[in-house]
Amino acid sequence: MTMPRPARAVSALPGTRGPLLEGLIGSLLLLLGSFGVGWLIAVSPIARWDWVIRLRTESDGVILSTVLLTLGGWVMFRAWLRLGKALGEAKLHTQHDDAARAGRHDLGTGKVQWPPGALKTVNIAVVLWSLPQLIAIPIFSRDVFAYLNQGRLVLAGQDPYVTGVSALDNWFHLGTDPVWAEDETPYGPLFLWIEAAVMRVAGDAPDLAIFLFRLACAGGVVLIMIFLPKLAALHGVDGARAQWIAVANPLLIISFISSAHNDALMVGFAMAGIWYAAHGRGVLATVLIVLSIGMKPITLVLLPFIGLLWAGPGSDWMRKLRYWVATAGIAGALLLGIGLAQGYGFGWVEVMAGTGTGSVFWSPVGILDGVLSGLLSNLGLTHYWTLDTLQLIGRLGSVAVVLWLMFRGSDQKITQRMMWAFTALVVLSPIIQPWYLLWLLPLFAMTGIRPNWQLKWVVFTVAFFLTFGAADQLSIYQFLELDQQMELLSLAISYVCLALMALIDPGTRWLVMSGWRRRRTPAAQTSAEQPADADEQLTPAAHADSGPAAAGREPESSA
């Protein structure tokens, strides 16, 4: 009698060691590059280290740092894609072994899950690739420096919903972007307490403050890592694959750890709230969503759907109305209590209503504004009104979509309705920052991203924002006059890396090239050759069409 062999260690899953190490190398390259072109403020002791001075004040140091930072992002990107491919192939190896032991050779349609240990492998990748970013100089954004001065505002007894950071002495020395000088904070009331607590502990040590903010954001990432696979399982989606798509990708690690965006906490609390609402624990779910709103108020849009999840599938309209009232009542009472305790009331509501001035060129509103204003300008007509008008249309349209999804749709797809409502708010806004994608990606991943154009669109979007962030967010001393040259250098490196990975690199080109050739049957493939549809290996075919009701959920759960 043959004894079963023990399960392999997580790191021994076929092909995963290489991507894990490669991603760590990429993260270390990002770390090194950040010392030369990251957002380092003059009052930081690090700015007086001899080798850092050389990197930041000499042309060759800036060039080297730009190359390291840009390459680091693409090495992490390649490792991310290779990790997904390796886990997909490990799934096929397991499938082959199971079929052989059962005397079968029909490998099915790819509906099996990734192999045991895949989720742990993805989690190891996230941790391993994130650790160097805990001590990196902030890159891709300097919003974290706004947190420092907003925390100082709170400690000084000022109202950040009324007063800009320019009311503080020496505010500019802490690296806050001048656009924040007169602007009120757009963040939720609970995050103001976190900002104040960090600045009370850090005092005059900005580097310590940034590290503490990163630890808080890492807590948000941990929440996502805990609840995303659980929510994916409710929808019949492979939790390991959802984790790989949404959390292991380099854009999330850079945006939530390197840049220390408080969006990590917002998303983490939201995912936890959705999980508990789907299991009938509506009070706890509402409290968690309030915590999410307390980081960034945009997740207010989730509350009506939390009420629907709490009410459960098949509820009549009177029951839904009662749970809507209960959800709103709990959330309103908590937010009122927070406002009274702080003394700021609901000032964040007024700020939220007034945000959204300007636009970015990749947002739908920004694209339409560019086309319409350009056309009117060529015709000799005034076009100052176009952006405001399109912004109003976008807001009204997003509200209409949210209301429609609140009242229409299957009770078995409440989380999908929630996802599209949240998406409408983001996509129809004139301002879409790179990390806004990360608000939505966990929701799409948990309900199912198919291994076709959907996965390719995610990868393309991550690649687009990596290219933009690496080139646009370089901190270079003005006296060097290298800003434009380094932007072009970073873009050139990104374009070359993208071309190599898309067309030549066998570890990554599968994603681009798959789907263009006629698919062969599994029997015609060998373990050594590259299948025509390699991305078909990365997921079970059962996705968003199956809800928790079909996944054997607990009696009180619904989603």
Side-chain angles (χ1 to χ4, degrees), residues 10 13 16 19 23 80-88 90-91 110-127 129-130 220-253 255-256 264 267-276 278-279 413-416 418-420 422-423 437-459 461-462 511 535-548 550-553 557 559:
V10 171
L13 286 175
T16 60
W80 174 53
L81 294 184
R82 285 186 62 213
L83 180 64
K85 180 174 182 288
L87 290 173
K91 177 195 74 176
K111 293 184 179 181
V112 298
Q113 303 288 301
W114 277 6
L119 180 58
K120 290 183 179 179
T121 302
V122 175
N123 288 342
I124 288 174
V126 175
V127 173
W129 301 349
S130 297
V221 174
V222 170
L223 284 174
I224 300 171
M225 293 171 68
I226 291 172
F227 289 101
L228 175 57
K230 295 176 181 289
L231 287 164
L234 286 181
H235 294 83
V237 174
D238 190 314
R241 182 176 181 272
Q243 196 91 302
W244 169 71
I245 291 173
V247 188
N249 82 72
L251 185 62
L252 183 137
I253 293 172
S255 297
F256 284 0
V267 177
F269 285 127
M271 298 297 286
I274 295 169
W275 164 257
Y276 284 108
H279 286 78
K413 294 189 176 182
I414 296 174
T415 48
Q416 286 91 335
M418 176 194 300
M419 174 185 75
W420 287 113
F422 202 3
T423 301
L437 164 71
L438 305 173
W439 302 353
L440 307 174
L441 190 54
L443 296 174
F444 278 94
M446 79 183 193
T447 55
I449 293 177
R450 296 182 182 276
N452 49 22
W453 65 268
Q454 295 178 2
L455 179 60
K456 293 178 183 179
W457 180 253
V458 171
V459 173
T461 307
V462 171
L511 186 65
D535 57 341
E536 191 73 30
Q537 301 174 10
L538 297 177
T539 182
H543 290 297
D545 290 340
S546 59
R553 56 176 172 81
S557 70

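This structure is a prediction, so every number in the text was calculated from the model and none was measured. When a residue number appears, it is its place in the shown sequence, counting from 1.
The shortest heavy-atom contact between Pro19 and Thr16 is CD-O, 3.3 Å. Smallest separation of non-hydrogen atoms from Ala248 and Val126: CA-CG2, 3.7 Å. Contact between Ala445 and Ala242 at its shortest, heavy atoms only, is O-CB, 3.6 Å. Scanning all heavy atoms of the two residues, the minimum distance from Trp275 to Leu234 falls at CZ3-CD1, 3.8 Å. Taking every heavy atom of both residues into account, Ile224 and Pro229 meet most closely at O-CD, 4.0 Å. Closest approach of Gln454 to Arg450, counting heavy atoms only: OE1-N, 2.7 Å.
Every residue meeting the side-chain contact (heavy atoms from CB on, under 4.5 Å) condition with Pro250, not counting sequence neighbours, appears here in chain and number order: Met76, Phe77, Trp80, Val462, Leu466. By the side-chain contact (heavy atoms from CB on, under 4.5 Å) test, Ala240 is found to be paired with Trp114, Ala118, Leu119, Asp238, residues two or more places apart in sequence or in another chain being considered. Here Ala272 pairs with Phe227, Leu288 under the side-chain contact (heavy atoms from CB on, under 4.5 Å) rule; sequence neighbours left out.
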side-chain contact (heavy atoms from CB on, under 4.5 Å) assessment of Leu231 paired with Thr415: CA-CA 10 Å; Leu231 287 164; Thr415 48; 5.7 Å; no
Residue pair Gln416, His235: steps toward the side-chain contact (heavy atoms from CB on, under 4.5 Å) verdict: CA-CA 10 Å; Gln416 286 91 335; His235 294 83; 3.9 Å; yes
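Of the inter-residue distances, the one linking Asn249 atom CG with Leu437 atom CG reads 7.5 Å to the nearest 0.5 angstrom. Annotation: the span from Gln243 atom CD to Met225 atom CE amounts to 5.5 Å, rounded to 0.5 Å. The line from CG of Leu443 to CZ of Phe422 is 7.0 Å long, rounded to the nearest 0.5 Å. Interatomic distance, CE of Met446 versus CG of Leu228, reported as 8.0 Å (0.5 Å rounding). Taking CH2 of Trp244 as the reference point, atom NZ of Lys85 lies at 11.5 Å (rounded to 0.5 Å). Rounded to the nearest 0.5 angstrom, Leu441 CG and Leu251 CG are separated by 8.5 Å.
Of the possible polar contacts, one joining the Arg241 side chain to the Ile449 backbone as a donor-acceptor pair under 3.5 Å is found.
Between Trp420 and Phe444, a ring centre-to-centre spacing shorter than 6.0 Å is recorded.
The closest side-chain heavy-atom distance from Val267 to Pro442 is below 4.5 Å.
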